[in-house]
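A quick write-up on the structure given underneath.
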Amino acid sequence: MGAALRERFLHALESSLRAGFEASSDLDARLDACAQQVEEQHGLVVDDPTLGEALAGAVERVDAFEGLNAGDLYLAVICGRGEAAGLRRFSAAYGAELDRAIAKSPTLGLSAPEFRQLVLDRLFVHEDDRPPRILSYRGRGTLKAWVRVMASRFIIDLSRRRSEPASEGDDALADRLAGGDDTELDYLRHAYGPQLSTAFGQAVAALTVRQRNLLRQRYLHELSAGALARLYGVHRSTVFLWLDKARAALLEQVRTALAERVPGHQLESMVGMLGSGLQVSVRRMLDSKLETEGS
């Protein structure tokens, strides 16, 4: 190790911190110990620039190396970058922890592989301007404990979403779809709330299993298009097409179901109201349990 790791570490430090580390007589020994920990703990080949930058972001003083879990920190960083070796090691090291977590919540209806995939996407996928969640791990405490906490929080989120529809009346969907001072929409919500809920239920039942699963995964599980593409083994553009078709089919089925209950001049307002709040609608009316295709 030595010079390359030291150089990248010092370069990555904030300028105000650099002098303190340069003056440390045991800096090289500390850096080499971190590299050795990565290799021994996770069997990974250390990339000096990556480790140097990771350590620079995790310590502010020389004594901060004490108690730093450099092996787990390095693993988290390369997983956040999407490196295959890191992802394989993460699954091997912590997959069983995720399996145990979901086994304690059988009512969610998620298999161990399904839950693993949801958690991995939640931790490793870059969303818009937000870095992957795994990068919030800073090497304090073990990564295993951190993963256990994240999995537990995710299960709580999923459980809350699933329990919400049953806790409200039949007109809850319509009450949530629009708000503000729009007099027409306010009238439609109150006049046709039960009809809308019934129509939505019929429309969901008329979708294919894959379409229902896609809507669950996008709006309940909050998987990105990229995550869904990896899950189904297709290109992102294919996922966008599938989602567009699922949304269009759902709205068309709602329109058909409402046509028998709502006067023609108000029908499009109702469908438009549903379309503008589709994410809310799916969360209110679908549970999180994925269905088996072909069943």
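- Rounding to the nearest 0.5 Å gives a distance of 10.0 Å between CG of Leu214 and CZ of Arg247.
- Asn69 contributes no side-chain N or O that, together with a main-chain N or O of Thr142, makes up a donor-acceptor pair within less than 3.5 Å.
- Residues Ala64 and Leu68 come closest through the heavy atom pair O-CB, 3.8 Å.
- The CZ atom of Phe65 lies 10.0 Å from the CG atom of Asp63; values are rounded to the nearest 0.5 Å.
- Residues Leu228 and Val234 are members of one and the same hydrophobic cluster, defined by side-chain heavy-atom contacts under 4.5 angstrom among Ile, Leu, Val, Met, Phe, Trp and Tyr.
- In this structure, Gly67 and Arg140 approach most closely via the heavy-atom pair C-NH1, 3.5 Å.
- Across every non-hydrogen atom of Gly139 and Leu73, the tightest pair is N-CD1, 4.0 Å.
- A distance-only check finds a donor-acceptor pair linking the side chain of Gln37 to the backbone of Ala70 [under 3.5 Å].
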Just do the side chain to side chain contact (heavy atoms under 4.5 Å, CB included) check on Leu231 and Gln217 with the steps written out, would you?
CA-CA 10 Å; Leu231 185 61; Gln217 291 166 317; 3.2 Å; yes
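- In this structure, the side chain of His235 engages the main chain of Ser237 through a donor-acceptor pair within 3.5 Å.
- Remark: Arg18 pairs with no residue by the side chain to side chain donor-acceptor pair (under 3.5 Å) rule, at least two apart or across chains.
- For the residue pair Leu98 and Ala151, the shortest heavy atom distance occurs at CD2-CB, 3.8 Å.
- A donor-acceptor contact shorter than 3.5 Å links the side chain of Arg133 to the backbone of Arg122.
- With rounding to the nearest 0.5 angstrom, the CD1 atom of Ile78 is 10.0 Å from the CZ atom of Phe124.
- Between Asn213 atom CG and Thr208 atom OG1 the span is 8.5 Å, to the nearest 0.5 Å.
- A salt bridge links Arg30 with Glu66; the closest basic N to acidic carboxylate O contact falls under 4.0 Å.
- A heavy-atom distance below 4.5 Å is found between the side chains of Leu10 and Leu27.
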Starting from the C-alpha separation in whole Å, work towards a yes-or-no answer on side chain to side chain contact (heavy atoms under 4.5 Å, CB included) for Glu114 and Leu118.
CA-CA 6 Å; Glu114 287 171 340; Leu118 290 177; 5.5 Å; no
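- With a 4.5 Å cut-off on side-chain heavy atoms, Arg230 and Asp121 count as touching.
- Around CD of Glu60, the count of heavy atoms belonging to other residues, nucleotides or ligands within 6.0 Å does not exceed 12.
- Note on ring orientation: taking the six-membered ring where Trp is involved, the planes of Phe154 and Phe115 are parallel (angle under 30°, cut-offs 30° and 60°).
- Interatomic distance, Gln211 CD to Leu250 CG, rounded to the nearest 0.5 Å: 9.0 Å.
- At a threshold of 4.5 Å between non-hydrogen side-chain atoms, the residues Tyr232 and Arg210 count as touching.
- The shortest side-chain heavy-atom distance between Phe90 and Leu143 falls under the 4.5 Å cut-off.
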Chi angles and distances behind the side chain to side chain contact (heavy atoms under 4.5 Å, CB included) call for His221, Leu110:
CA-CA 11 Å; His221 302 162; Leu110 291 173; 4.2 Å; yes
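- A donor-acceptor pair shorter than 3.5 Å cannot be found between the side chains of Gln36 and Asp32.
- The heavy-atom pair separating Val62 from Gly20 by the smallest distance is CG2-O, 4.0 Å.
- Residues Ile155 and Lys104 form no side-chain contact, since every pair of their non-hydrogen atoms from C-beta on lies 4.5 Å or further apart.
- Using a 4.5 Å cut-off on side-chain heavy atoms (C-beta onward), Tyr94 and Trp146 make no contact.
- Val119 has its side chain out of reach of Ile102: every pair of non-hydrogen atoms, C-beta onward, lies at least 4.5 Å apart.
- Sparse packing is recorded around CZ of Arg153, with 12 or fewer heavy atoms of other residues, nucleotides or ligands lying under 6.0 Å away.
- Here the CD atom belonging to Glu83 is positioned 15.5 Å from the CZ atom belonging to Arg89, to the nearest 0.5 angstrom.
- Inter-residue side-chain proximity for Glu291 and Arg216 is flagged as met; some heavy-atom pair is nearer than 4.5 Å.
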List the atom pairs, donor and acceptor, that lie under 3.5 Å between side-chain atoms in residues 49-57 and the rest of the protein, sequence neighbours left out.
from	atom 1	to	atom 2	distance (Å)
Thr50	OG1	Asp47	OD2	2.6
Thr50	OG1	Arg81	NH1	2.9
Glu53	OE1	Arg81	NH2	3.2
Glu53	OE2	Arg8	NH1	2.8

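- Taking each heavy atom of Leu5 and Ala35 in turn, the nearest pair found is CD2-CB, 4.3 Å.
- In this structure, the side chain of Arg212 engages the main chain of Ala205 through a donor-acceptor pair within 3.5 Å.
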As a quick check of understanding, evaluate side chain to side chain contact (heavy atoms under 4.5 Å, CB included) for Arg61 and Leu17, giving each step before the final call.
CA-CA 8 Å; Arg61 305 178 311 278; Leu17 303 176; over 6 Å; no
